[in-house]
Amino acid sequence: MERFKFLRFFSFRTQFDFLPSSNPVRENLINGANTDTNGEHQDGFFSNLVYGFLRRFKSGKKIDGGSKTEEEEKVYSWLYALARSEIYMAFEYVRSTERGLSFTEAEKRLKENGPNTPLEYKFPSSWHLLWSAFFHPFNIILIVLSALSYITSDNPNGCIMLILVFISVSLRFYQEYGSSKAAMQLSEYVRSPVKVQRCAGRVVQTELIVQVDQRDVVPGDIVIFEPGDLFPGDVRLLTSKHLVVSQSSLTGESWPTEKTADAREDRSTPLLELKNICFMGTNVVSGTGTGLVVSTGSKTYISAVFSTIGKHKPADSFEKGIRHISYVLVGVMLLVVTIMILVEYFTFYDLSESTLFGISVACALTPQMLPLIINTSLAKGALAMARERCIVKSLSAIRDMGSMDILCIDKTGTLTMNRAIMVNHLDSWGAPREKVLHFAFLNSYFKSDQKYPLDDAILAFVYTNGYRFQPSKWRKTDEIPFDFMRRRVSVILETESNPEGRNIRPFYRFIITKGALEDVLKVCSYVENVDMGEITAVSAEHHHRILNVVEELRNEGLRIIGVAIKNLQQTKISKQNMENEDDVESDMVFLGVIAFFDPPKDSAKEALWRLAEKGVKAKVLTGDSLSLAIKICKEVGIRTTHVTTGPELEQLNQDAFHEKVKKATVLARLTPSQKLRVVQSLQSVGNHVVGFLGDGINDSLALDAANVGISVDSAASVAKDLADIILLEKDLNVLVAGVEQGRLTFGNTMKYIKLSVIANLGSVISLFIVTLALRFEPLTPIQLLVQNFLYSVGQIAIPWDRMEEDYVKIPQKWSVKSLPMFILWNGPVCTLCDVATLLFVWFYYSSGGKLDESFFRSAYFIQGLLMQTLIFHLIRTEKIPFIMEIASWPVLASTVVISAIGIAIPFSIIGDFMGFTDLPLSYFGFLVVLFVGYFTVGQIVKRIYIMVYKKWL
C-alpha cells in the first residue's frame, strides 16, 4: 500500500569513514559490528550482506522471518557497539565533545542528514492507485471485448461490460485509497521541543542550554531530559539520576524500566534491555539525565523496525489464483475465437459476421460477473460482521478470515479482563495472614495520591469479603507518594488503640509502606514471625525464603507487592523532616505480600474452543513475562507444553527459529520485530494464513504483515490504521462469526468460479463442435449474447447462498490442483449434454437430412440456458441436489425466474424478432430426461472425483 521513501541508511563501510583509519576505536567498533550473535566470526560479512540484499531483489523470495532485515542488523550492531564502549569512544564516533556541538556544526549536520523525523514517506498518488486498480487482466479482457463490441455495433453488450469494469475499478480504488493512508503516525511521539547543550564562541567557547525543535536535533547533540520528555533519537546516556523510562511504545509492557549511564553492556543483553541506551519514541517517567544523540531520523531503531510496514504483506493466494484463471482464459479465448472466426469465414465468407460471432463467443467465455460476485460476497460479509460490532476496513480480509488457520493474539485485554483482582494475602512464610491485608488496606484507603488499579482491587477484596478494619479509628498525618524510582508508597497513620494488641500509650503512629517487593525489602531490617509472636532481624535465610515464596506465586502468573510497617515514637516523628524519605522509610518490619491476578474473560475459553473446532489454532505473542502468559493460557485452555521467549529466539539460527515457532504456542517477552518475524515464519515456512490481534504500537509490524490484521476500537491509532478489521468489543467470539462469514464468502465465490469456468468452457467447446457439424451458427450473435446476459443475471443471487456445515468447519484455501481437476472431471459432462441435444434434434426433427436453423437455435438456446442455470445446483454441494441439500431461497427463485424467461422467449414477440420459432412439447420431454440423466451422471462423476482427489491429490 504505502511507498516509503526511506532515507539513505548508513552501511558498515560508510558509518565509520569519518574516523581516522588508524584509530583503534574504529577497528574495535567494526569488529564488534561484524561479530555474529552467537559469537561466531564471519569473514566477508559486509560482502555477504550486500550479496544477500541483491539476491532478495533477484529472486523475489518471500521473507520468511527467520532472520533480521539488513537495516535491523546495522542498527543492532551499532547500538551494541555503543553500549559496550566507554563514553569517550561514543564522543569520538559522533565527532562531538563534552561541550556539545557548535551552532555552525549543528546546522551543517542538519543539512547533511536532513530533518530528524522517524521516517520519510509519501502516500501513493491517486493516479497511481487508480492505475493499480485498473491494470488487472480481467479488466483488460472486458475492455478489449467492449471495444470490439462497439466496433461491430453491438453497443448494449459493450456498455454492460464497461459498467462492470467501472464497478470493479471503483470498489478496488476506494478500498486501497482509504487503506493507503495507514498509519505512520510515529512522528506524534517526537513532536515536543528538546533541550540541547550547544557551545558558542570563536576563541573561548561557552556552553549554552537552548531549546530546539526535535526535527533540528542531529547526531552529536547532547540532550538534557526530565520527566515527561521524549527522546528525540537513539541516545547513549552520559549522566543519569534515578532515571526511569517507559518503553511501552516498543515493548508493549506498561511497567517502566530503569536506565543508568554507568552500565557496561554486552551482546548477550537483549537490545531493548540495554541500561545505557534510550530509544527514539520512548519517554522519561521519572528522574533526570543527559545523553549523547547517536542516531536520528531513519537511522534510529524505531525507524529501522517500522520501515518494513507496507513491504511484507504476503501475496494473496486467492488473487493470484484469479489472475492465473484470467491468463488461462485469455489464452483459451484467443485460440478458440481465432478458430471460430476462421471456421465461420471459410464457411460463409462473411468477415463482418464472422468477427461478430467470434466476439460473442469471447463474451460467452468470459465470466463477466466475477468482479460483481466477489465484491458483493465480500460486502455482504462485511455487513454481517458489522452487526457483530466489527468495522471491516479491507473487504478482502473477510475472505482471508475464511482461510485463516492460525490466530496470534496478545494476552492483555484480549484473553484477560485487563484489570487486577486481589486473590491472597500471605506472610513471609507463605501462610494467609489477616494482618497483612489490614495494613495494605489502610495504605490504599488513606493514600491521597492517585489510586491505581491495585488499590481498587485491595479495597474491593476487603469490602466484598466482610472484613471490618474500621478506618474511622485512624487518622493520616503524612504521606510519601509513589514514584517510579522508589516504586513504593507510604502513609503515616495515627490511632488511639494499638493494632498490635497492647495499649501502653494514649495513641500510636505507624508508617505503612507497600509497593514493588524488591523495593520494599530494601527498606526492611526486620521480619515478623506471627506464630512465635516476635520480630527478628532479616537474615539471609529469611530473604531467601521470601524470594522462594514469591517465585512460586509469580510462576502461577500472579503479580506481587510487598507490605511493611514501622512503629514510630511520637517524639521522634515530630522532629523528623518528611523530605528525608530515606530516614523515614528505613528499619521497617516486613509483614508479607499481596497477590493479584488479571483473570481471563469468561468468553475467552469458549471462543478459543469454538475457533479450534473450526481449525484455527491460537498462539499467544506477548511482551509480558513467560510465567504470566503461561498462567493465563492454562486458564483459557491453550496448551503450554511448548513455550519460548524473545531472548531465546534471538540466540537461534534460522532453521532452529522456524522449528521453535512452529511448535510453540506461547511466545513471551517479544519485541515488535520478533513478533513480525514469528508471523512471517508461520506464513512462509509453515504455509499458514495468519491472523494477528493486537492493539499497541508494538503490534503494528505484525498487524501489517499478517494476512488478517485485527485491532480494537481502543487501540493506538497506528494499530487501528494498519488493521484490516477493528473490533468494537474485545471479544474473541466476534472472530468466530468472522471466520464463519469468511468461509461462507470464500465458498460462494468459489461456486461462481467453478460454475462460470465449467459452463463457459463447456458452452464454447459445444459451439465449436456444433458449428463444425452443422456448417451454420448454432446461435446468432444476438441470441448468444441474450443467453449469456440472462445466465449472468441469474448468478447475482449466488452471494446469498448458504454453505454446508462441514464446509465451514475447516479453513478454506485456494488450491492449485483442485480447480483444474474439478474442471477436467465435470466439464466434459456439460459438453456431452450439448452433443446429446444436437443428436436428438438432428435425428428426431430433421427432414430429409436437413435441419431448420431457426428450430435448432430455439432448441439449443433453451437447452444451453437451462443447463448453465441448473449446473449450479450440482456443483454447489457434495450431496444430492434438491434431495439431500437445497439451495437458499434467493438462488432457487433466481433459477425459476431465469428458466421461465428463457423458455418463454422463443414463444414471444421478442423471440420472433431474434429469429426463434415455437418448439413442440416432445422437446421439453426430452429436456426432462436429459437433465435427469445429467444430474445422475454428474453426481456419479462428482463422487468419483471427490474420492480420487481426497485420496491421491
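Along the sequence shown, residues are numbered consecutively beginning with 1. FYI, side chains are in, hydrogens and waters are out, and symmetry mates aren't considered; it's all heavy atoms of this structure.
For residues 745-772, the set of pairs meeting the salt bridge (charged side-chain N to carboxylate O under 4.0 Å, His left out) definition, not counting sequence neighbours, comprises K751-D801. Pairs passing the salt bridge (charged side-chain N to carboxylate O under 4.0 Å, His left out) check and including a residue from residues 735-748, sequence neighbours excluded, read K614-E740.
Using a 4.5 Å heavy-atom cutoff, the side chains of T837 and Y923 are in contact. Side-chain contact check for I710 versus V708: some heavy-atom pair is nearer than 4.5 Å. Side-chain contact between R399 and T749: absent, with no pair of heavy atoms (C-beta onward) separated by less than 4.5 Å. Within the 4.5 Å cutoff, no side-chain heavy atoms of W800 are placed close to those of S894. Annotation: side chain of C833 is in contact with side chain of L930 (closest heavy-atom distance under 4.5 Å).
One N or O on the side chain of N707 and one on the backbone of V690 form a donor-acceptor pair closer than 3.5 Å. A donor-acceptor contact shorter than 3.5 Å links the side chain of Q812 to the backbone of Y807. Checked by atom type and distance alone, the side chain of T917 never pairs as donor or acceptor with a backbone atom of S854 at under 3.5 Å.
Atom CD1 in I903 sits 12.0 Å away from atom CD in Q863 (nearest 0.5 Å). With rounding to the nearest 0.5 angstrom, the CD1 atom of I406 is 10.0 Å from the CD atom of Q683. From Q939, atom CD reaches atom OG1 of T877 across 8.0 Å, with rounding to the nearest 0.5 Å. Note that OG of S858 and CD of Q783 are 7.0 Å apart. Values are rounded to the nearest 0.5 Å.
Using bins of under 30°, 30° to 60° and over 60° for the plane-to-plane angle, the ring pair F916/F861 lands in the tilted bin.
Under the ring-ring contact (aromatic ring centres under 6.0 Å, His included) criterion, F840 pairs with Y844, Y845, F926, sequence neighbours left out.
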*asked:* Checking E853 against R857 for the salt bridge (Lys or Arg N to Asp or Glu O under 4.0 Å) test, could you report, in this order, the C-alpha distance in whole Å, the side-chain angles of both residues, the deciding distance, and whether it holds?
replied: CA-CA 6 Å; E853 294 184 11; R857 286 169 178 165; 3.6 Å; yes
Open item on the list: For I862 and L927: C-alpha separation, side-chain torsions, deciding distance, then whether side-chain contact (heavy atoms from CB on, under 4.5 Å) applies.
Closed with: CA-CA 9 Å; I862 293 177; L927 289 182; 4.0 Å; yes
